[in-house]
There are 2 protein chains.
Amino acid sequence: MSFALNGRPGVAEETRARILAAARALGWTPSHRARALSSSRAFAVGLVMSRPPELLGADPFFPSFIAGAEAVLVDRQEALVLQVVPGREAEEDSYRRLAADGRVDGVFLTDLRVDDPRIALLEQISLPAVTLGRPDVDSTFPAVVVDERSGIAAAVAHLVALGHERIAHVAGPAHFLHGATRRAAWERTLVDAGLPPGRCLVADFSAAGGARATRELLDTGEPPTAIVYANDLMATAGLAVAMERGIDVPGQLSITGFDDTEIAAHLRPPLTTVRTDAFGWGKVAARTLLDLIDGKPGADVEMPPAQLVVRASTAPPAP
Amino acid sequence: MSFALNGRPGVAEETRARILAAARALGWTPSHRARALSSSRAFAVGLVMSRPPELLGADPFFPSFIAGAEAVLVDRQEALVLQVVPGREAEEDSYRRLAADGRVDGVFLTDLRVDDPRIALLEQISLPAVTLGRPDVDSTFPAVVVDERSGIAAAVAHLVALGHERIAHVAGPAHFLHGATRRAAWERTLVDAGLPPGRCLVADFSAAGGARATRELLDTGEPPTAIVYANDLMATAGLAVAMERGIDVPGQLSITGFDDTEIAAHLRPPLTTVRTDAFGWGKVAARTLLDLIDGKPGADVEMPPAQLVVRASTAPPAP
DNA sequence: TTGTACGCGTTATCAA
DNA sequence: TTGATAACGCGTACAA
């Protein structure tokens with residue numbers, strides 16, 4: 001009987017049709033809960049976000065990523081369960097609970113950290129996962145990676161081509177892999193261009209942090225002529241700090257962001273930034289995770305690299 | 001046996017202790033799935049967001065609201081299942097599916113619309129809900145409402161007190177209840193102050209929409225001296241449009257936003273805006289929904305009203 | 001190829 | 001107050 005409904009072989013065509021018709025006539029729907037109990041599957045995947053709530057609101061990544069993931073999840077009748085935790089300890093509990101309760105069949109691992117302990121944790125509790133980006137520790141999980149380095153490298157190269165020689169960086173927290181990667185890409189490109197690495201200040205991806213870092217950068221004796229920010233939010237705050245000091249952007253200072261948020265194109269001047277496809281990332285990550293759950297190994301997948309979007313916040317340095 | 005574990009009455013203290021000890025010793029954990037099947041509960045609540053993905057990323061509301069809701073959900077061992085749908089039709093399917101599959105025990109109803117059909121739908125499929133704001137149609141669901149009118153009214157009154165007489169409004173879509181409410185509050189306050197209602201342009205809460213509306217407003221023969229925007233994103237774009245035309249803010253044009261996003265305080269000039277507590281809203285909404293699901297009726301609850309935050313984007317009009 | 005009976009791990013009911 | 005037993009509804013192994 002269930003063979004017929006699940007479209008499995010070993011059933012006569014006529015019988016199958018008869019059963020399907022009866023099911024439809026009765027308005028019968030398979031019970032998700034019974035299926036879950038019987039097959040010990042949750043038919044759901046999880047995403048735990050561990051960021052301070054005030055920072056969550058400003059980040060354009062999660063909403064887009066989630067929308068992308070949802071786009072494939074709905075088709076497969078899978079639900080997305082969300083978890084928001086304030087700090088690191090709560091985070092581990094969160095994953096353990098999700099697994100112990102059988103709430104999800106797998107999770108997305110975002111905001112990868114340096115020497116991320118979650119990888120070992122998930123392997124230990126055998127909760128399938130997909131990592132967003134390639135971890136720096138051994139991992140048996142498939143990774144869906146977007147090359148952020150080339151985007152940052154393109155931004156720095158763009159500034160170098162314009163004639164800048166003192167190019168600073170306002171980075172994200174160093175314990176985040178993407179924070180570290182972007183920073184490394186900035187430094188590497190500078191060195192490759194034969195330029196001395198400029199100053200790098202670590203901020204926290206917030207507007208307040210971006211403003212603070214910018215002030216510190218501008219307060220030095222020989223301030224940079226260009227600043228590469230690790231996200232648009234900090235770049236926007238940096239732009240305001242420059243204006244507040246009467247520093248013309250891009251005339252006296254060039255700045256670049258990262259994310260290409262919707263507002264970036266509508267700032268004054270419009271922001272030169274690096275675009276990543278969070279929506280597409282979500283789609284591919286969801287497909288990869290679902291395949292993994294279904295027992296199909298799944299190799300790492302490489303997404304199109306982040307693209308530099310040149311707008312008007314960059315120009316040759318003042319003579 | 002389960003009585004003991006669930007802490008229900010009708011069990012001898014000693015027996016309960018004995019059972020609890022045995023359970024711990026065996027490392028036994030109640031099976032979420034079996035409980036769900038047996039009690040026909042999902043132990044989860046739902047939130048469906050029906051916005052175009054590109055708009056989702058810029059909105060600070062959902063992340064904060066979700067974080068707030070999560071704060072109370074975790075304590076009650078309830079999960080949050082998220083759904084993102086592109087349009088109106090998909091939306092109805094989404095709710096029906098959630099209910100039919102028994103994926104959730106109730107939902108949050110956000111982005112209330114004029115004559116919102118979802119209320120009747122949810123009542124029909126008897127899926128408990130909590131509305132964010134008070135609907136304009138009959139509803140049996142508890143509403144958790146934040147008074148947005150007084151925030152907008154305060155913003156308009158602030159501008160009037162500064163001496164402005166031509167105060168325009170860039171509204172959100174008219175079919176959204178909050179869009180309509182903010183617009184009505186703006187108009188009402190103007191009329192009450194004995195001023196002719198200024199121009200009102202309807203945009204879509206996006207930066208692009210805000211920029212377009214601002215250009216149109218500034219292109220008229222007698223442009224406004226102040227613009228009240230329905231959200232920070234549009235106000236930020238409006239600010240850029242003013243700069244692009246060499247119009248000084250706040251010297252020649254005052255602007256106000258709505259949301260008090262993190263970036264608002266870090267723009268140049270810092271944005272005068274209206275603050276709502278989305279995190280708190282999420283907490284209260286979750287509590288109300290959970291109570292409703294538990295069979296406790298629950299009356300409408302009124303949250304603290306939105307507050308005007310005066311910063312530097314507002315000043316007396318040019319003489 | 002088809003029908004049947006049992007297991008999944010709870011909650012709920014009913015005797016004892 | 002306690003213990004045994006029947007649902008809950010689907011997957012599946014096994015017998016017909």
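No hydrogens, no waters, no symmetry mates; every other heavy atom, side chains included, goes into these values. By convention in this document, chain letters (A, B, ...) are assigned in the order of the sequence lines, proteins followed by strands, and residues within each chain are numbered from 1.
What separates CD of A/Q77 from C1' of D/dC10 is a distance of 15 Å, to the nearest Å. In this structure, the CZ atom of A/R18 is 14 Å from the P atom of C/dT1, given to the nearest Å. Between the CZ atom of A/R33 and the P atom of C/dT11 there is a distance of 14 Å, given to the nearest Å. To the nearest angstrom, P of D/dG11 lies 11 Å from CZ of A/R41. In this structure, the CG atom of A/L26 is 14 Å from the P atom of D/dG9, given to the nearest Å. Remark: P of D/dC10 and CZ of A/F43 are 12 Å apart, rounded to the nearest angstrom.
In this structure, the nucleotide among D/dC10, C/dT10, D/dG9 sitting nearest to the side chain of A/L37 is D/dG9.
A side chain to side chain contact (heavy atoms under 4.5 Å, CB included) with B/V284 is found for one member of B/V144, B/L132, B/V72, B/V130 and no other, namely B/V144.
Taken from CZ in B/R97 to CD1 in B/I125, the straight-line distance is 12.5 Å, to the nearest 0.5 Å.
Put simply, the side chain of A/V45 reaches to within 4.5 Å of the side chain of A/I293, judged on heavy atoms. The side-chain heavy atoms of A/L121 and A/L127, taken from C-beta on, include no pair separated by under 4.5 Å.
Contact annotation for A/S39: no contact, since no heavy-atom pair falls under 4.0 Å across all strands.
Among pairs with a residue in residues 104-113 of chain A, those fulfilling side-chain hydrogen bond (donor to acceptor under 3.5 Å, both in side chains) read A/R41-A/D105, A/R51-A/D111, A/E91-A/R113, A/D111-A/H178, at least two apart in sequence or across chains.
Overall, the helix from C/dT1-D/dA16 to C/dA16-D/dT1 carries an axis bend of 50° between its ends, with five pairs at each end and the value rounded to 10°.
Nearest heavy-atom pair across A/G133 and A/L112 is O-CD2, 3.4 Å.
Residue A/R35 places at least one side-chain N or O under 4.0 Å from the OP1 or OP2 atom of D/dG11.
For D/dC10, its base sits under 3.5 Å from the side chain of A/S38 at one donor and acceptor pair at least.
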